[in-house]
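Here is the structure we will look at.
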Amino acid sequence: MTDTPKLIAPRLPRGFEDRSARDIAAVDAMIARIRAVYERYGFDPVETPLFEYTETLGKFLPDTDRPNAGVFSLQDDDEQWLSLRYDLTAPLARYFAENFESLPKPYRSYRQGYVFRNEKPGPGRFRQFMQFDADTVGAAGPAADAEMCMMMADTMDALGLSGQYVVRVNNRKVLDGVLEGIGLGPADPARSLVVLRAIDKLDRLGDDGVRQLLGKGREDESGDFTKGAELGADAIGKVLAYTGASGQGEDLFGTLRGLVSGNARGEEGVSELEAMAALFAAAGYGPDRIRIDPSVVRGLEYYTGPVFEIELTFEVTNEKGQPVVFGSVGGGGRYDGLVSRFRKDPVPATGFSIGVSRLANALKLTGNLVASDVIGPVVVLVMDREAISDYQQMVAELRNAGIRAEMYLGSSGMNAQMKYANRRNAPAVVIQGSNEREEGVVTIKDMVAGLEAAKAFTDNAEMKAARPAQFSAPRTGLVEAVERVLRADGGAA
RNA sequence: GCCGCCUUAGCUCAGUUGGUUAGAGCGCUAGAUUGUGGAUCUAGAGGUCCUCCGUUCAAUCCGGAGAGGCGGUACCA
């Protein structure tokens, strides 16, 4: 009877984020900059929904009907499975295939939005996060891939990260050539995959760790054992020679051609890399911005040619000052097979994705995020409850003049109202008690100048008595007086 | 998924060798001669000591299981 109802703990599901006004403003600014670059390259926006039929996304567990590994799924009322999209590429493939008749080809589009992954979150890894993609569908040549790389570089520059990133480029065909050279490749897809995964860990485990993974396997510090690819010493040497191939230009291409000599697919890959390198050079993108790097593999099977990723070249530390291992903040490649799930004829495609959330997170930790505090509204204090209609009228006048303004709606005294205005980051407050009302004036306080002036006082009572940074204005001149304060504070930042 | 560590107020943490009313700092909400932000002073709110089961006269504390958090590792379209 008198039991209080059981309270629900207010808690954020793990792997998800709340975003403050400040975060939203910062990410919005990032998005606007990215969009401007994509637009300049001639890409058009397109938006698809958060849900797709699970089969569209291409994820089913073979032995169960429930598609739930890694994806958030639910069953529609007609019993079809729907899933939240886990990237923006599969939905694009669906959209392209479904609207094939009416779209221009090559089809160049960009889109930005949240994607969802139902897996263990970690620092910089969320279960809902934002990506910003661009893709060219229906263009087969390396020029389309090269354009993607250059656009990624330009985007990073536009985000104010000049000199702090590098776009690393490789070609899957070269890697396939190397694998075939040691008897793997299509002949042994399972072990090939183990090799790919091992190479992908080069940055974290180094040559020695990868050597173990290519051989018998590796035991990590928690005692967990990862089975290796069981390659012989000779084969391991070849793989590491490939991933370790350094230099740029003819030096590198010579080495690569030697490693895949006699393998048609591998040689084709080297030629594509050369073609892309020539385009980068012609357009003025040096190896400080875009670099050919054989250690880039980008995990997954669906890439069929060039692959690329953006790496931040500065160290990221968390709030406690510990270094944070940040994966790539963007990447992509050519995926000629993706649309073929929907159409018989093959459709070549290439594209890339920027992890907006992850990048924002990195920039936040390094202080590079272009975030300024959101400027709050002008707050009209409520000094006398009976005079509320007067205050409301002042707010209306300010709003009609295009000024962000509000009347204090709480029930506390003046002190609390000032604290409220402070916390809202209000640039000014409007005060009218009975004294002012009788004289037909209002008191305007400049909150920015006021805070500065208050630092000169050590005694609270003195500060209150001095009432710094405020002035009296005729009631009829309210808007003009407030505008003057806003201009003095720098207006919109 | 596997391995390790952790869980007491919103946050960071004390503490109780098993015993009546579990504490601090910060933060939060307010007050200090109609009426001034920071600093200061005063007061207040805020706890299933992660949950359940067991042992015990008695469990926040001991035992077991579970959940959650953190880290590593695997996977990552």
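Throughout, a chain's letter reflects where its sequence line sits, starting with A, and its residues are numbered from 1.
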Categorize [X] for me: base, sugar-phosphate, or nothing, with a 4.0 angstrom heavy-atom threshold over every strand shown.
X	result
A/Q470	base
A/K120	base
A/I431	base
A/D446	base
A/S434	base
A/E462	nothing
A/K227	nothing

Could you check which of [options] has an atom nearest any side-chain atom of [X]?
X	options	answer
A/L205	B/G31, B/G38, B/A74	B/A74
A/L451	B/A30, B/C76, B/G38	B/G38
A/M414	B/G37, B/G35, B/A30	B/G35
A/N415	B/U34, B/C75, B/U36	B/U36
A/K201	B/A74, B/U34, B/C76	B/A74

Under the ring-ring contact (aromatic ring centres under 6.0 Å, His included) rule, collect the residues that match up with [X], sequence neighbours excluded.
X	result
A/F100	A/F96
A/Y242	none
A/F43	none
A/Y391	none

Could you check how far [atom1] of [X] sits from [atom2] of [N], rounded to whole Å?
X	N	atom1	atom2	value
A/M418	B/A30	CE	C1'	17 Å
A/M447	B/G37	CE	C1'	5 Å
A/K419	B/U36	NZ	C1'	11 Å
A/L193	B/C75	CG	P	9 Å
A/D200	B/C75	CG	P	9 Å
A/L213	B/U73	CG	P	11 Å
A/M463	B/G35	CE	P	15 Å
A/D459	B/G38	CG	C1'	13 Å

Quiz item: Of A/F457 and A/G413, whose closest RNA chain B nucleotide lies nearer the 5' terminus?
Solution: A/G413

Exercise. Identify, between A/T226 and A/T443, the residue whose nearest nucleotide on RNA chain B lies closer to the 5' end.
Key: A/T443

Rounded to whole angstrom, note down the [atom1] distance from [N] over to [M].
N	M	atom1	value
B/A22	B/C61	P	15 Å
B/A24	B/G31	P	24 Å
B/G72	B/U56	C1'	40 Å
B/U42	B/G25	P	11 Å
B/G68	B/C49	C1'	16 Å
B/G69	B/C50	P	16 Å
B/U20	B/G64	C1'	29 Å
B/G23	B/U16	C1'	11 Å

N/O to N/O distances under 3.5 Å, protein versus nucleotides 26-28 of chain B:
| residue | atom | partner | partner atom | Å |
| --- | --- | --- | --- | --- |
| B/C28 | OP1 | A/R423 | NH2 | 2.4 |

Quiz item: For A/E480, what residues pass the side-chain hydrogen bond (donor to acceptor under 3.5 Å, both in side chains) criterion, not counting sequence neighbours?
Solution: A/R484

Practice problem: Tell me whether the OP1 or OP2 atom of B/C76 has a side-chain N or O from A/R197 closer than 4.0 Å. | Solution: yes

Self-check item: Any A/R204 side-chain nitrogen or oxygen under 4.0 Å from OP1 or OP2 of B/U73
Solution: yes

Quiz item: side chain to side chain donor-acceptor pair (under 3.5 Å) between A/S73 and A/S83: does it pass, once the steps are laid out?
Solution: CA-CA 4 Å; A/S73 301; A/S83 294; 2.8 Å; yes

Quiz item: Taking 4.0 angstrom as the limit, do A/R334 and A/E272 come out as a salt bridge?
Solution: no

Exercise. Name all residues meeting the salt bridge (charged side-chain N to carboxylate O under 4.0 Å, His left out) criterion together with A/E483; count only those two or more places apart in sequence or in a different chain, and write none if there are none.
Key: none

Self-check item: A/R191: partners by salt bridge (charged side-chain N to carboxylate O under 4.0 Å, His left out), with sequence neighbours left out
Solution: A/D188

Which atom pairs, one a donor and one an acceptor, fall under 3.5 Å between side chains of residues 432-442 of chain A and the rest of the protein, sequence neighbours left out?
| residue | atom | partner | partner atom | Å |
| --- | --- | --- | --- | --- |
| A/Q432 | NE2 | A/V441 | O | 3.1 |
| A/E436 | OE1 | A/G433 | N | 2.9 |
| A/E436 | OE2 | A/T443 | OG1 | 2.8 |
| A/R437 | NH2 | A/D384 | OD2 | 2.7 |

Would you call [X] and [Y] a side-chain contact if the rule is heavy atoms closer than 4.5 Å?
X	Y	value
A/E230	A/K216	yes
A/I34	A/V356	yes
A/V380	A/L398	yes

Quiz item: Which pairs count as salt bridge (charged side-chain N to carboxylate O under 4.0 Å, His left out) when at least one residue sits in residues 83-95 of chain A, sequence neighbours excluded?
Solution: A/E52-A/R94, A/R94-A/E98

Practice problem: Write out the stems for RNA chain B, ordered by first number and formatted as range with range, counting runs of at least 3 consecutive Watson-Crick or G-U wobble pairs under 3.5 Å. | Solution: B:1-7 with B:67-73, B:10-13 with B:23-26, B:28-32 with B:40-44, B:50-54 with B:62-66

Exercise. Keeping the roles fixed (side chain from A/R211, backbone from A/L240), state whether a donor-acceptor pair exists under 3.5 Å.
Key: no

Please list, pair by pair, any protein nitrogen or oxygen found under 3.5 Å from a nitrogen or oxygen in nucleotides 44-46 of chain B.
none

